[in-house]
Amino acid sequence: MAAGPAPEARPLMNKQTFLHNFSHLNCPRKTYLCYEVELLVGENSIPLDEFAGFLRNQGAAMGLEHRHAEPIFLEWMASWNLDKELRYRVTCFISWSPCPDCADELAEFLRANGHVYLRIFAARIYDRFSGYEAGLRALNAAGAEVAIMTFQEFEYCWKNFVDHQQDEVESFPPWDNLVVRSEELSQRLAGILQNQED
DNA sequence: ATTTTCAAT
């Protein structure tokens, strides 16, 4: 292998931050979003490591504009200038599912960017605002795959987005009832996506 | 924390 430049050390999430924010046992007032991008070439997908990382929503500080995680992510995506002649799959792992407004913004983005396929795995369903069901359906209808994170996705994030401080990746430490809670949320989401009413 | 929702819907 030729010795290229040192790989960019992309920021990794603190272990406690991940466990606290993605757990079903908590309802933190903040949202974390991990993302990765693959280039789709024929039957293959090529991970684009320069477009992988995580972010969180902004706000809660006095005087600063509150921003949900999704508009920030949309801004980042726009800055990447992904080639419209190519096809990409963008995957997000987000600790709260998108609120109605963010779901609409994401749907609008997808309508304007047919070269981007979006998958969203949410740890929990954010149902604080009325219309959240319709928002998730709109996102789904715009072509996004919307799903609940299962053990597999939590473990994947743990391996790929979390700082283990050592070379060896510790195995993901699941919380109580992870599998059951994830399954319940998946059932609930399936009902939301199938339903035509609110 | 026996925390409960991207805080102020």
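Lettering of chains follows the sequences in order, A, B, ..., and the numbering in each one begins at 1.
- Nearest to the side-chain atoms of Cys27(A) among the listed nucleotides dT4(B), dA8(B), dC6(B) stands dT4(B).
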List the atom pairs, with distances to 0.1 Å, where a side-chain N or O of residues 30-39 of chain A and a protein N or O form a donor-acceptor pair under 3.5 Å, not counting sequence neighbours.
residue: Glu36(A); atom: OE1; partner: Tyr156(A); partner atom: OH; Å: 2.7
residue: Glu36(A); atom: OE2; partner: Tyr156(A); partner atom: OH; Å: 3.2
residue: Glu38(A); atom: OE1; partner: Arg89(A); partner atom: NE; Å: 3.0
residue: Glu38(A); atom: OE1; partner: Arg89(A); partner atom: NH2; Å: 3.4
residue: Glu38(A); atom: OE2; partner: Ser45(A); partner atom: OG; Å: 3.1
residue: Glu38(A); atom: OE2; partner: Arg89(A); partner atom: NH2; Å: 3.1

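- Protein atom CD of Glu184(A) is 19 Å distant from nucleotide atom P of dT4(B), rounded to whole Å.
- In this entry the distance linking NE2 of His24(A) with C1' of dT5(B) reads 14 Å, nearest Å.
- For the pair Leu189(A) CG and dT5(B) P, the interatomic distance rounds to 21 Å; values are reported in whole Å.
- For the pair Asn57(A) CG and dT5(B) P, the computed distance is 14 Å after rounding to whole Å.
- In this entry the distance linking CH2 of Trp96(A) with C1' of dA7(B) reads 12 Å, nearest Å.
- For the salt bridge (Lys or Arg N to Asp or Glu O under 4.0 Å) test, residues two or more places apart in sequence or in another chain that qualify with Glu75(A) are Arg67(A).
- Partners of Thr91(A) under the side-chain hydrogen bond (donor to acceptor under 3.5 Å, both in side chains) rule, at least two apart in sequence or in another chain, are Arg119(A).
- Atom CZ in Arg29(A) sits roughly 11 Å away from atom C1' in dC6(B) (whole-Å rounding).
- Comparing dA8(B), dC6(B), dT3(B) by their nearest atom to the side chain of His66(A) picks out dA8(B).
- For DNA chain B, none of the residues of residues 145-153 of chain A falls under the heavy-atom distance limit of 4.0 Å.
- Across all strands, Cys99(A) comes closer than 4.0 Å to base atoms (heavy-atom distances).
- One atom, CG of Asn21(A), and another, P of dT4(B), lie 15 Å apart when rounded to the nearest Å.
- Closest to the side chain of Asp127(A), from the set dT3(B), dT5(B), dC6(B), is dT5(B).
- For dC6(B), the base has a donor-acceptor partner in the side chain of Glu70(A) [N/O atoms by modelled type, under 3.5 angstrom].
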Check: residues 102-113 of chain A side-chain donor-acceptor pairs under 3.5 Å, at least two apart:
residue: Asn113(A); atom: OD1; partner: His115(A); partner atom: NE2; Å: 3.3
residue: Asn113(A); atom: ND2; partner: Phe109(A); partner atom: O; Å: 2.8

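- Classification of the Tyr126(A)-Phe129(A) ring pair by plane angle, with boundaries at 30° and 60°, yields perpendicular.
- In this structure, Phe129(A) atom CZ and dC6(B) atom C1' are separated by 8 Å, rounded to whole Å.
- Heavy atoms of Ser97(A) sit under 4.0 angstrom from at least one base atom.
- A salt bridge does not link Arg10(A) to Asp163(A): none of the charged side-chain nitrogens sits closer than 4.0 Å to a carboxylate oxygen.
- Across dT4(B) and dT9(B), the matching C1' atoms stand 16 Å from one another, rounded to whole Å.
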Please tabulate, for the side chains in residues 171-182 of chain A, all donor-acceptor contacts under 3.5 angstrom to protein atoms that are two or more places apart in sequence or on a different chain.
residue: Trp175(A); atom: NE1; partner: His24(A); partner atom: ND1; Å: 3.0
residue: Arg181(A); atom: NH1; partner: Glu184(A); partner atom: OE1; Å: 2.9
residue: Ser182(A); atom: OG; partner: Met149(A); partner atom: O; Å: 2.8

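- Taking atom C1' on both dT2(B) and dC6(B), the two are 24 Å apart, rounded to the nearest angstrom.
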